Amino acid sequence: MSRYLDPAESSQPYKEPTPLPADIPKVKELGVTSAPLKSAAFFLGAYCKEYNEDFMLCKNENRDPAHCLKEGRRVTRCAQDLITKLRENCLAEFEKHWNCLEYNNQEYYHCRKDERVLNKCVFEKLGLVKTIPGTPEGKTPIHEVKNPIYTGVQK
């Protein structure tokens, strides 16, 4: 009979019993929660576009999860690279924005002021522009609207 062992109470770190094959490149996990990922999401989309597209094409070819491990590792490495660059160049702005998202149920509209500061820093230091796919031509993107109708404060 087996019993549940709480990993938090373990005296040794968890070790995967079935490691990846040697031909799959090793890569560390990102080590961030959902808030920093959501804060950097649009920049990740632009920065890692080619790797993401390769991964999605691979997933469409074959439903076997092992089929696309190499492509998935490339996506993870690219995301690690961008998160590292964000931390090196725009740490204060990045932390302020993702903390705002963390405390406001992951809603962007509560954090537009912090988002504008982050977008400016990322553009100046890394040359990346936040673009939302599907934004109508000639319309101001929602993250650049100065006086939005919907705000975080309800009347």
Side-chain angles (χ1 to χ4, degrees), residues 6-8 10 12-145 148 150:
D6 187 5
S10 176
Q12 297 185 352
Y14 176 75
K15 185 173 182 179
E16 178 64 43
T18 55
L20 289 172
D23 64 326
I24 303 298
K26 306 286 185 257
V27 65
K28 287 177 29 181
E29 296 299 320
L30 284 177
V32 295
T33 61
S34 59
L37 285 175
K38 186 162 184 173
S39 177
F42 291 98
F43 301 120
L44 282 168
Y47 189 75
C48 301
K49 182 177 181 173
E50 295 82 21
Y51 299 111
N52 289 330
E53 288 174 351
D54 284 346
F55 179 72
M56 294 310 293
L57 286 171
C58 180
K59 294 296 283 180
N60 282 337
E61 289 173 4
N62 191 330
R63 301 293 293 165
D64 178 22
H67 179 70
C68 301
L69 286 175
K70 288 183 182 178
E71 289 81 359
R73 297 297 168 123
R74 289 182 188 124
V75 171
T76 304
R77 266 198 219 97
C78 181
Q80 281 177 333
D81 185 42
L82 180 64
I83 297 292
T84 302
K85 287 181 179 179
L86 284 173
R87 287 176 175 159
E88 289 171 354
N89 294 292
C90 301
L91 179 63
E93 296 87 348
F94 182 48
E95 280 190 350
K96 190 169 184 187
H97 184 243
W98 72 257
N99 277 320
C100 180
L101 289 171
E102 186 77 33
Y103 294 123
N104 288 292
N105 201 26
Q106 309 286 337
E107 296 288 345
Y108 281 119
Y109 67 90
H110 290 289
C111 306
R112 294 292 184 202
K113 191 165 88 172
D114 296 329
E115 183 180 350
R116 284 189 194 99
V117 174
L118 174 63
N119 292 347
K120 183 178 182 218
C121 178
V122 171
F123 177 72
E124 289 173 354
K125 306 259 175 94
L126 303 175
L128 295 173
V129 178
K130 176 178 178 175
T131 55
I132 299 175
T135 302
E137 287 289 321
K139 287 265 207 178
T140 304
I142 188 68
H143 62 282
E144 293 179 4
V145 174
Y150 301 105

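This structure is a prediction, so every number in the text was calculated from the model and none was measured.
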**Study point:** By salt bridge (Lys or Arg N to Asp or Glu O under 4.0 Å) - contacts of Glu124 (at least two apart)
**Key:** Lys120
Determine all donor-acceptor pairs shorter than 3.5 Å in which one atom belongs to a side chain in residues 62-69; sequence neighbours excluded.
unit_1 : atom_1 : unit_2 : atom_2 : d
Asn62  : OD1    : Asp64  : N      : 2.8
Asp64  : OD1    : Ala66  : N      : 3.4

Practice item. State the SG-CD distance between Cys111 and Glu102, to the nearest 0.5 angstrom. Key: 10.5 Å
Check your understanding: Sequence neighbours excluded, which residues qualify as side-chain hydrogen bond (donor to acceptor under 3.5 Å, both in side chains) partners of Asn89?
Key -> none
Exercise for review: Answer yes or no: does atom NZ of Lys59 have more than 12 heavy-atom neighbours from other residues, nucleotides or ligands under 6.0 Å?
Suggested key: yes
Review point. Under 4.5 Å between any side-chain heavy atoms of Phe43 and Asn119, yes or no?
Key: yes
Check your understanding: Is there a side-chain contact between Leu86 and His97, using heavy atoms and a 4.5 Å cut-off?
Key -> no
**Study point:** Non-hydrogen atoms of Cys48 and Ala79 that approach each other most closely
**Key:** SG-N, 3.7 Å
**Study point:** Contacts of type side-chain hydrogen bond (donor to acceptor under 3.5 Å, both in side chains), residue Tyr47, not counting sequence neighbours
**Key:** Asp81, Lys85
**Study point:** All side chain to side chain contact (heavy atoms under 4.5 Å, CB included) counterparts of Val117, not counting sequence neighbours
**Key:** Glu93
Check your understanding: Is Thr84 reaching over with its side chain to a backbone N or O of Gln80, donor-acceptor style, under 3.5 angstrom?
Key -> yes
Study note, to complete from the structure: Residue set satisfying salt bridge (Lys or Arg N to Asp or Glu O under 4.0 Å) with Asp54, at least two apart, ordered chain then number -> none
Exercise for review: List for me each residue that meets side chain to side chain contact (heavy atoms under 4.5 Å, CB included) alongside Lys38, sequence neighbours excluded, and say none if there are none.
Suggested key: Leu101, Gln106, Tyr108
**Study point:** Closest non-hydrogen atom pair between Leu44 and Asn52, with its separation
**Key:** O-ND2, 4.0 Å
Revision key, fill the gap. By side chain to side chain contact (heavy atoms under 4.5 Å, CB included), Glu95 pairs with (sequence neighbours left out) Leu91, Trp98, Asn99
